[in-house]
Amino acid sequence: MPFYMMLLIAVGAALGMVIAARSIVHFFQLESYQFPGYYRTLKRNLLRALLPGVILSLVLLGLYFALSAWREQWFFGLAWLLVPGIAGWGIRTAMMDRKAKKPLAFTPRVKRLYFVSLLVYVLGLLGLLSLMKESTAALIVISLMPLFLPVWVALAGLLAWPVEKLISELYFHDAQRILKKHPDLIKIGITGSYGKTSVKYILGTMLAEKYQTLITPASFNTPMGVTKVIRTKLMPAHQVFVAEMGARHVGDIKELCRLVHPTLGVITSVGPQHLDTFKTVERIKNTKYELISALPRTGVSFFPDDGAICRELYDKTKKEKHIVSLNKTDDADVWAENVTVSERGSSFMLCTPSGSIQCETKLLGEHNIQNILLAASVCLKLGLTLRQLRNGIGRIQPVEHRLQLLPNPGGMTIIDDAFNSNPRGAEAALKVLAQFPARRIIITPGMVELGAEEADFNRSFGEKMAASVDVAILVGANHTAPIVEGLKAAGFDESNIHVVRSLNDASALLRQIGHKGDTVLFENDLPDHYQE
């Protein structure tokens, strides 16, 4: 076979594979280009992962047999150049999830991944054609190569990794350089299994009473996310920088501290979250404490008194430390008294050893009062007065998708707690729901990323749900089966358990059975790669 013919075939098949692999690349991006998570996602979505390659292989085999009689003709090479790409585009279009909550973003990294993929595919296929002297066998092997599309994507990601690491390090060092140009900048790190985003927004609002403050937006809590904020948002006028620090693996917080070098560290909570990667709560605890370990000798740390792991970490800390509590304790720096929690917000007396002040907030739930106390402790350390604290607390707005009250023209009260549900957050949401008058409806797919204990946590969720909920609409039969078990074990009326396939189906059912005056809690919304 002439070289030009081999090149046409290799380029055509490679183009088809690159285009058809869009949904698989999307999985890779949703898992932050981490290979263990990518493999777990492929396993959960096996049909969606294999189907693009199967269809493309069938097209290529059909093309081979259809043109076998004209193998040496010019239109044979032209067909192999054009048809796979057209087929790949059709597969891409058919497999695209147009209702994806987080569509594939064509970032520079994805573009580089596509380029590396195309290069790998062309060279790999061209190499096969060159090695296999018998063209019939070679073309059949080429036609079968798309069957391994998930592996091809992983290989391209692996080969692109050194370049991505180099680029990220360049950006990382540039962000460090920018921070060094702000020697007086007060840098605060916030981490925790739950509540870190809420505390970040609360703290940012309260600090604004005295300081020009920059907080990392949304859930920008990875090294590259925080790096981007520093490089694009930090200005000379900023006096305080608050960085949310997320973690899915041991060492993640240490890496963020290498970037930010915080002088104040806040741990909001420690508990079962991302157990699919951490495996044990002990490893989660050690990873969160990386923030405190990274503080300088003059650094200051802040903890909530949970009577459990956070209290343990507070006790072991030798640097300057502060602890807050919902109730007065001997060593609490900030605590609350006369707490009144309703469906429209909370009021409480914010107390310190040197004074107290009455405060009101729009935030729902007792756990949010603890979040406010934690932020208040940091603010007091930075010199804010009690009056400034009260003003800041009054200006705090609910964080989007975190126990957020939404207007509803149908007369129902909607509570949106759709972001990143976890055992403690779900329990807090149920307590908030219980404060509303009946009828109370929950719509939930349950919780994910809890490793081997996931079913047990969801079963317990169902048992606790029974005491706060009148109607349960569960999204996804397989994933919510443990919740159903928990509801039944708690004696919940089975006629009020409804299992639907999707969130759209749940919303449609709500329109049918919901009435004016009902309270509806949307608890968690699974990402695209967890849908059944």
Side-chain angles (χ1 to χ4, degrees), residues 184-192 195-196 198-213 215 239-242 262-269 291-292 295-308 310-341 345-363 365-397:
D184 297 326
L185 183 70
I186 300 169
K187 293 170 289 187
I188 304 172
I190 299 179
T191 192
K196 54 186 175 291
S198 295
V199 172
K200 174 187 68 180
Y201 279 109
I202 292 168
L203 181 58
T205 301
M206 294 169 66
L207 285 173
E209 293 295 312
K210 182 175 180 178
Y211 295 102
Q212 288 287 332
T213 303
I215 66 172
Q239 299 166 287
V240 180
F241 176 51
V242 182
T263 54
L264 286 79
V266 182
I267 294 182
T268 63
S269 59
L291 170 58
I292 309 304
L295 297 176
R297 286 186 297 104
T298 55
V300 186
S301 54
F302 302 84
F303 303 84
D305 189 353
D306 60 354
C310 286
R311 164 55 80 166
E312 174 192 338
L313 297 180
Y314 170 82
D315 289 339
K316 76 178 266 189
T317 300
K318 304 304 180 185
K319 301 164 186 173
E320 182 181 341
K321 57 187 178 180
H322 300 269
I323 194 164
V324 306
S325 175
L326 283 171
N327 303 295
K328 189 179 188 310
T329 61
D330 292 338
D331 54 359
D333 298 279
V334 182
W335 67 92
E337 293 179 356
N338 303 324
V339 176
T340 302
V341 179
S346 310
S347 64
F348 60 96
M349 185 71 73
L350 188 151
C351 302
T352 73
S354 59
S356 59
I357 194 165
Q358 184 67 30
C359 299
E360 295 185 354
T361 177
K362 299 174 186 177
L363 302 187
E366 195 175 73
H367 67 292
N368 268 321
I369 295 179
Q370 180 170 278
N371 290 339
I372 290 172
L373 296 178
L374 197 53
S377 184
V378 178
C379 290
L380 288 169
K381 177 63 183 176
L382 294 179
L384 272 73
T385 65
L386 290 177
R387 187 179 297 275
Q388 287 173 321
L389 293 187
R390 182 184 63 188
N391 293 342
I393 291 168
R395 292 194 302 107
I396 297 169
Q397 296 297 318

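None of the values given here were measured: they were computed from a predicted structure.
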Heavy atoms, side chains only, cut-off 4.5 Å: are [X] and [Y] in contact?
| X | Y | value |
| --- | --- | --- |
| C379 | L203 | yes |
| I267 | C310 | yes |
| T329 | W335 | no |
| Y201 | I215 | yes |
| I186 | L207 | no |
| H322 | V300 | yes |

For atom [atom1] of [X], decide whether the heavy atoms of other residues, nucleotides or ligands shown that lie under 6.0 angstrom number more than 12.
| X | atom1 | answer |
| --- | --- | --- |
| Q358 | CD | yes |
| K318 | NZ | no |
| E320 | CD | yes |
| K210 | NZ | yes |
| Q388 | CD | yes |

For the [atom1] atom of [X] and the [atom2] atom of [Y], what is their distance to the nearest 0.5 Å?
| X | Y | atom1 | atom2 | value |
| --- | --- | --- | --- | --- |
| F348 | L326 | CZ | CG | 9.5 Å |
| I393 | M206 | CD1 | CE | 4.5 Å |
| N368 | I202 | CG | CD1 | 5.5 Å |
| T352 | L380 | OG1 | CG | 6.5 Å |
| L382 | I188 | CG | CD1 | 5.5 Å |
| S198 | N371 | OG | CG | 5.5 Å |

Please report the closest heavy-atom contact between [X] and [Y], naming both atoms and the distance.
| X | Y | value |
| --- | --- | --- |
| S377 | V324 | CB-CG1, 3.6 Å |
| T263 | L295 | C-CD2, 3.8 Å |
| S346 | L363 | OG-O, 3.2 Å |
| L386 | G355 | CD1-C, 3.8 Å |
| Y314 | K321 | O-NZ, 2.8 Å |
| L291 | G265 | CD2-CA, 3.9 Å |

Between E209 and R387, is the closest basic N to carboxylate O distance under 4.0 Å?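 Here R387 does not pair with E209 in a salt bridge, since their nearest N and O are not under 4.0 Å apart.
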
Lys/Arg-Asp/Glu bridge criterion (N-O < 4.0 Å) met for D331, R311: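 Salt bridge present between D331 and R311.
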
For [Y], does its backbone N or O pair with a side-chain atom of [X] as donor and acceptor, under 3.5 Å?
| X | Y | answer |
| --- | --- | --- |
| K200 | I190 | no |
| D333 | I323 | yes |
| S325 | N327 | yes |
| E360 | S347 | no |

Return the set of residues passing salt bridge (Lys or Arg N to Asp or Glu O under 4.0 Å) with E337 (not counting sequence neighbours), or none when no residue passes.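 Partners of E337 by the salt bridge (Lys or Arg N to Asp or Glu O under 4.0 Å) criterion come out as none, since no residue qualifies.
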
